Amino acid sequence: MKNIIYVIVLFTLFSCEDYLDKTDPNATTFVEFFNDEGDLSRVVYSSYRDVFTNNGSHQTNFYLKDGKSDNAYSRIQSHYHQNVGNGNFNSSSRDFLFYYELHMKHLGRLNTFIANVDVPYVEDESVRQRYKSILEALRFWHYFELTFRWGDVPFTLEPADLDTARQPATPKEEILDYLFSNYENIADRLPKQEYATDKYMFNHYSFKALVMRYALYNKRYALAAKLAKEIMDSQNYELHPVYADLFNYNASSNNNEFIMHYNRESYNGSTYTFRDLGPHFRTGNGQSYVVPLKSLVDSYWTLQGETIENSTLHSKREYELNPSLNRDPRYAASIMGHGDIFYGEEIDIFNENNPMYYEKERASSSGYWFKKFVDEADAFKGSGNMEYGLLRYAEVLLTYAEAKIMLNEVDGLAKSAINDVRRRAGLDMDYADVTLPSYGAYTNEQWIELIRNERRVELAGEGLRYDDIIRWEIADKVLNKPALGHTMEVNGELQSIKIEDRSFKPNNYLWPFHENTLRVNPGIKQNPGY
């Protein structure tokens, strides 16, 4: 296995400088910095915050990532979601240099910290082993992301030097084989119960949940089902009774559904979801950075669990004109738009004197906003203190069901998992229960359509849709269409707000390596088509 890493960032050890500041201002060597349990804690914290829980980063915040997909539109080009969503990128786009360097910089740090983990003094050796295991788990996370985005990438588990930095990249499958063969060793060294504090740090089951996600992403369905069932059998987690409350202050910090946490301990500051996602309104805070599209709105099936095209109660035209009509309750919990009530006032996207007029810069170009993570309690504030779930128990249930469907093994537990998610959502289970005779003749293709849509509406706005359309290899279908918004009737015809044209080329399933990356490391080969 080749030891390789990106040469420019090879020795960039400290990216969160304020947090890694040693109390001794005269420290000049690594050993002087890395010498006690507090140092271990700081590097673990910064390794999460800088990449995965940076509350101020528009490029990496999970709740903005749907802007890369057919779920949403991102209005600020420099946030790097817009160009990916509309296909306006190439190998010179800085988006990909930013993401690639971010991962490689932290892998350089992690390899150094792990190699020197025995240096700091700690009174309890079990603490050292826990921190070491968390750092190793974070290293896995980076490689999962790198291989999913770029395919073959540099791979090393040791601190690299200039002699090893320019060797060829390691094949993706070789890296994945290593990761999926060695995750248990790390998981078994982590405590099985969630921490009373620092909940964001990996424990046994939260790390297994992460591995489960990427096993599904990489079509290792048997492993994904196995891990999902282990988490289900642990009985450590459960669906929160009220879906909508997970995404506001009612339950965001008080539920047993979040498995991977993005809480105040992981970012040590304020949150900005109201500012980033909410309407401009009269508070002045809302920026509407990422807003839902018609494609997502139309994906919410009926209360009875039918597509809006196949509903026997209303026509597709009626559903398009009135998205709240007889719809899956997750729609009202997740999205708001024209005619809905926000902070006691009716939203009017066509009133030019209203700050929510759809053509104003800070309004929604689609006429819709995400309701998830936009709590009215934050309306007159510059920030908030909401907590988020980076991975929820609902995803575990849907992963088990999807993995079994893809294995063509739709068993009773898979159906029960779907039913649990639908029942909690508030669907009419007299019709939406997938154990009913009406579902008995379903083909595998019909089960695939059902589970993919169930996942889309359950996890809408939580940053997973782009990953899904990439791994399902449907991005060339769903992103080669205009981005549309609110639909209205004009002279008897349906018209939808058009935001932009989009395109997705067959080679876009992998991201390009930036030209600078190729110049620095000639051992890396550019992905096809760039």
Side-chain angles (χ1 to χ4, degrees), residues 48-76 78-82 84-85 99 102 145 200 210 213 240 243-253 255 257-264 266-267 269-280 285-293 296-297 330-331 333-337 362 364-366 368-379 381-392 394-395 455-469:
Y48 276 97
R49 184 190 183 277
D50 291 354
V51 185
F52 303 112
T53 62
N54 188 333
N55 53 322
S57 172
H58 295 119
Q59 291 80 10
T60 60
N61 259 334
F62 78 100
Y63 57 80
L64 298 177
K65 289 182 180 180
D66 268 15
K68 291 181 169 76
S69 77
D70 59 333
N71 269 5
Y73 167 73
S74 173
R75 74 174 180 87
I76 304 295
S78 62
H79 291 175
Y80 299 157
H81 311 297
Q82 183 190 117
V84 176
Y99 289 119
L102 186 65
E145 278 288 298
Y200 68 94
L210 181 80
R213 174 184 285 177
H240 188 72
Y243 176 76
D245 286 355
L246 292 166
F247 314 110
N248 57 47
Y249 289 115
N250 289 334
S252 64
S253 60
N255 68 78
E257 184 165 343
F258 293 174
I259 299 177
M260 287 176 57
H261 293 262
Y262 182 153
N263 63 358
R264 297 198 73 183
S266 70
Y267 56 78
S270 301
T271 54
Y272 304 102
T273 42
F274 185 100
R275 178 201 68 187
D276 293 348
L277 298 173
H280 177 16
N285 291 329
Q287 290 284 351
S288 308
Y289 283 144
V290 170
V291 296
L293 294 175
L296 174 59
V297 172
R330 284 172 291 194
Y331 170 78
S334 305
I335 297 174
M336 56 186 172
R362 290 167 58 191
S364 168
S365 299
S366 71
Y368 294 106
W369 289 266
F370 281 110
K371 195 172 182 179
K372 279 184 174 179
F373 315 124
V374 178
D375 194 309
E376 293 183 6
D378 289 336
K381 302 176 183 176
S383 60
N385 59 358
M386 194 175 293
E387 299 185 9
Y388 315 105
L390 290 176
L391 194 155
R392 300 190 282 114
E395 183 181 340
R455 182 177 171 93
R456 183 179 190 181
V457 298
E458 173 69 26
L459 303 173
E462 297 179 51
L464 302 181
R465 176 64 178 176
Y466 179 72
D467 297 349
D468 285 345
I469 63 175

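Only heavy atoms go into these numbers, but all of them, side chains included; no hydrogens, no water, no symmetry mates. Fair warning: this is a prediction, and the values are worked out from it, not measured in the lab.
Between the CD1 atom of Ile259 and the CG atom of Leu210 there is a distance of 11.0 Å, given to the nearest 0.5 Å. Put simply, CG on Asn255 and CG on Asp245 are 10.0 Å apart, with the number rounded to the nearest 0.5 Å. To the nearest 0.5 Å, the span separating OG on Ser253 from OH on Tyr388 amounts to 11.5 Å. Here CG of Leu464 is found 12.0 Å from CD1 of Ile469. Values are rounded to the nearest 0.5 Å. Between the OG atom in Ser252 and the NZ atom in Lys372 there is a gap of 13.5 Å [rounded to 0.5 Å]. Taking OG1 from Thr271 and CD from Glu387, the interatomic distance works out to 9.0 Å, rounded to the nearest 0.5 Å.
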Problem - side-chain contact (heavy atoms from CB on, under 4.5 Å) evaluation trace for Met336 with Val374 - result: CA-CA 10 Å; Met336 56 186 172; Val374 178; 4.2 Å; yes
Handout entry: Phe62/Leu391 under side-chain contact (heavy atoms from CB on, under 4.5 Å): CA gap, chis, key distance, verdict
Key = CA-CA 11 Å; Phe62 78 100; Leu391 194 155; over 6 Å; no
Exercise for the section: Would you please test Tyr249 and Asp378 for side-chain contact (heavy atoms from CB on, under 4.5 Å) and show each step? Expected result: CA-CA 10 Å; Tyr249 289 115; Asp378 289 336; 2.8 Å; yes
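With contacts defined as side-chain heavy-atom distances shorter than 4.5 Å, the pair Lys65/Arg465 does not qualify. Considering only heavy atoms from C-beta on, Lys371 stays 4.5 Å or farther from Ile335 through its side chain. Between Tyr331 and Val457, the closest side-chain pair of non-hydrogen atoms is not below 4.5 Å. The shortest side-chain heavy-atom distance between Leu277 and Leu64 falls under the 4.5 Å cut-off. No side-chain heavy atom of Thr53 sits under 4.5 Å from any side-chain heavy atom of Tyr200. Counting heavy atoms from C-beta on, the side chains of Lys381 and Ser270 never come closer than 4.5 Å.
For Asn61, the side-chain hydrogen bond (donor to acceptor under 3.5 Å, both in side chains) criterion is met by Tyr63, Tyr262, not counting sequence neighbours. Scanning for ring pair (Phe, Tyr, Trp, His ring centres under 6.0 Å) contacts around His79 gives His58, Tyr289, with sequence neighbours left out. Shown here are the side-chain hydrogen bond (donor to acceptor under 3.5 Å, both in side chains) partners of Glu458, two or more places apart in sequence or in another chain: Arg330, Arg392, Arg424. Take Tyr267 and apply the side-chain hydrogen bond (donor to acceptor under 3.5 Å, both in side chains) test, not counting sequence neighbours, and it matches no residue. For the side-chain hydrogen bond (donor to acceptor under 3.5 Å, both in side chains) test, residues two or more places apart in sequence or in another chain that qualify with Lys68 are His81, Tyr99. Qualifying ring pair (Phe, Tyr, Trp, His ring centres under 6.0 Å) partners for Tyr243, counting only residues two or more places apart in sequence or in other chains: Phe247.
Within the 3.5 Å criterion, the main-chain N or O of Arg275 finds no donor-acceptor partner in the side chain of Gln287. Proximity of a side-chain donor or acceptor of Asn285 to a complementary backbone N or O of Ala379 within less than 3.5 Å is detected. Side chain of Ser69 to main chain of Asn71: a donor-acceptor pair is present (N/O by atom type, distance under 3.5 Å, no hydrogens or angles). Listed for the Glu257 side chain is a donor-acceptor partner under 3.5 Å among the backbone atoms of His240. Judged by distance alone, the side chain of Thr273 and the main-chain N or O of Phe373 form a donor-acceptor pair under 3.5 Å.
The shortest non-hydrogen separation linking Asn250 to Asn248 is N-OD1, 2.9 Å. Gly389 and Phe258 make their closest contact through N-CE1, 3.4 Å (heavy atoms, listed as atom of the first residue, atom of the second, distance). Taking each heavy atom of Ser288 and Ser364 in turn, the nearest pair found is OG-N, 3.8 Å. Minimum heavy-atom separation, Phe370 to Ala72: CE1-CB, 4.0 Å. Scanning both residues, Trp369 and Gly278, for their nearest heavy atoms gives CD1-C, 3.8 Å. The minimum heavy-atom distance linking Asn55 with Gly269 is given by the pair ND2-C, 4.2 Å.
The salt bridge (charged side-chain N to carboxylate O under 4.0 Å, His left out) test with Arg456 singles out one residue from Asp70, Asp66, Asp468, and that residue is Asp70.
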